[in-house]
2 protein chains.
Amino acid sequence: MNDKERRSMPLFSIGIVMKLTELTARQIRYYEEHGLVFPERTKGNQRLFSFNDVDRLLEIKDLLDKGLNLAGIKLMVEESSKKEKEKNVKSKDNDLSLKELRKILRNELKHPDRLGQVNLRQGELSRFFSNR
Amino acid sequence: MNDKERRSMPLFSIGIVMKLTELTARQIRYYEEHGLVFPERTKGNQRLFSFNDVDRLLEIKDLLDKGLNLAGIKLMVEESSKKEKEKNVKSKDNDLSLKELRKILRNELKHPDRLGQVNLRQGELSRFFSNR
DNA sequence: ATCGAATGTTAGGTTTCCTTACATGAAGTT
DNA sequence: AACTTCATGTAAGGAAACCTAACATTCGAT
């Protein structure tokens with residue numbers, strides 16, 4: 001499993017995504033309805049979002065805050081997705097990066113500090129897991 | 001938000017964790033009952049697992065496969081958690097690592113390849129997000 | 001004043017998860 | 001062989017989270 005797969009893996013329920021993005025369920029569904037995100041579904045038809053999806057939602061939120069309307073945002077996110085794709089084509093395989101990554105990720109903790117409901121600060125997850 | 005927080009963040013429903021770990025719900029709950037993992041809970045009392053929790057479950061599964069019983073496993077995972085903690089104490093703050101991480105994570109994809117149900121290969125997530 | 005875009009809200013139904021309790025298979029004990 | 005114990009399966013009843021569809025509201029633009 002490489003980075004690409006990892007980031008497109010359906011992991012999060014809509015409830016979690018709400019907390020991560022501080023968007024309402026209504027908003028998220030509305031954006032999907034208008035072709036801005038494409039979460040997977042469980043067998044029971046419930047939405048499952050990937051890191052990429054969350055990234056995209058954060059980007060959407062960002063643009064909304066800046067006054068864009070959905071039509072404009074749609075163009076923007078499609079655009080930035082294309083760019084990413086190109087980058088991907090040009091960039092080498094990421095198995096090497098993975099090794100580095102592991103090396104970097106050599107620190108650990110133990111007891112979750114009872115964070116409970118972390119409201120992700122705008123763009124934090126995005127910046128980490130994504131690449132705009 | 002640093003790496004540590006990110007990894008202890010309650011994100012995954014038990015359903016997802018089942019797929020990630022290939023453990024049954026019964027098993028996961030049983031391990032919790034016996035003090036091997038400590039997932040958070042939603043307001044409605046549903047379990048929410050972090051990356052660390054998933055890591056730990058993968059480690060447990062590993063040890064089970066090797067014939068250990070829960071008592072032994074409990075000792076092991078407690079041990080390895082302690083080690084992680086020590087490492088953490090010694091290691092510098094990871095905001096620097098974060099910068100490197102971002103640099104490394106400069107590749108993207110677009111359309112999830114309809115993976116649907118990825119059964120995480122044993123230890124893959126673990127190796128990526130954790131550090132044993 | 002009207003319209004459309006974005007979001008809120010509500011209702012009814014389905015899926016997922018919860019706990020509790022009892023059942024079962026495999027291993028070890030007596 | 002009968003008994004235990006451990007790890008897991010399974011079933012029941014209920015609660016939480018999610019679903020779609022429909023209607024309501026807000027607000028900026030015409």
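A note on names: the letters A, B, ... follow the listed sequences, proteins ahead of strands, and every chain is numbered from 1.
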| message | Can you confirm whether A:L23 sits close enough to A:M18 that some side-chain heavy atom of one is under 4.5 Å from a side-chain heavy atom of the other? | response | no

| query | Can you check the A:E33 CD to D:dA21 C1' distance for me, whole Å? | reply | 10 Å

| task | With sequence neighbours left out, write down each residue that passes side-chain contact (heavy atoms from CB on, under 4.5 Å) with A:L75, or none if nothing qualifies. | result | A:E78

| task | Indicate the ring-plane relationship of B:F51 and B:F12, choosing parallel, tilted or perpendicular according to the 30° and 60° boundaries. | result | perpendicular

| field | Between C:dT7 (P) and A:D65 (CG): distance, integer Å | value | 10 Å

| Nucleotide by nucleotide, 5' to 3', does protein get under 4.0 Å of the base (B), only the sugar-phosphate (S), or neither (-) in nucleotides 14-23 of chain C, counting heavy atoms? | -BSSBB----

Report all interatomic pairs (protein N or O, nucleotide N or O of nucleotides 2-6 of chain C) with separations under 3.5 Å.
| unit_1 | atom_1 | unit_2 | atom_2 | d |
| --- | --- | --- | --- | --- |
| C:dA6 | OP1 | A:L70 | N | 2.6 |
| C:dA6 | OP2 | A:Y30 | OH | 3.4 |

| said: I'd like to check A:I16 versus B:L48 (side-chain heavy atoms, cut-off strictly below 4.5 Å). Are they in contact? | reply: yes

| Between B:L20 and A:L11, is any pair of side-chain heavy atoms under 4.5 Å apart? | yes

| Under 4.0 Å between a Lys/Arg side-chain N and an Asp/Glu carboxylate O for A:K87 and A:E84? | yes

| task | Report yes if some heavy atom in the side chain of B:V54 is under 4.5 Å from a heavy atom in the side chain of B:L58; otherwise report no. | result | yes

| field | Non-neighbouring partners of A:E32 that pass side-chain contact (heavy atoms from CB on, under 4.5 Å), sequence neighbours left out | value | A:V37, A:P39, A:R41, A:R47

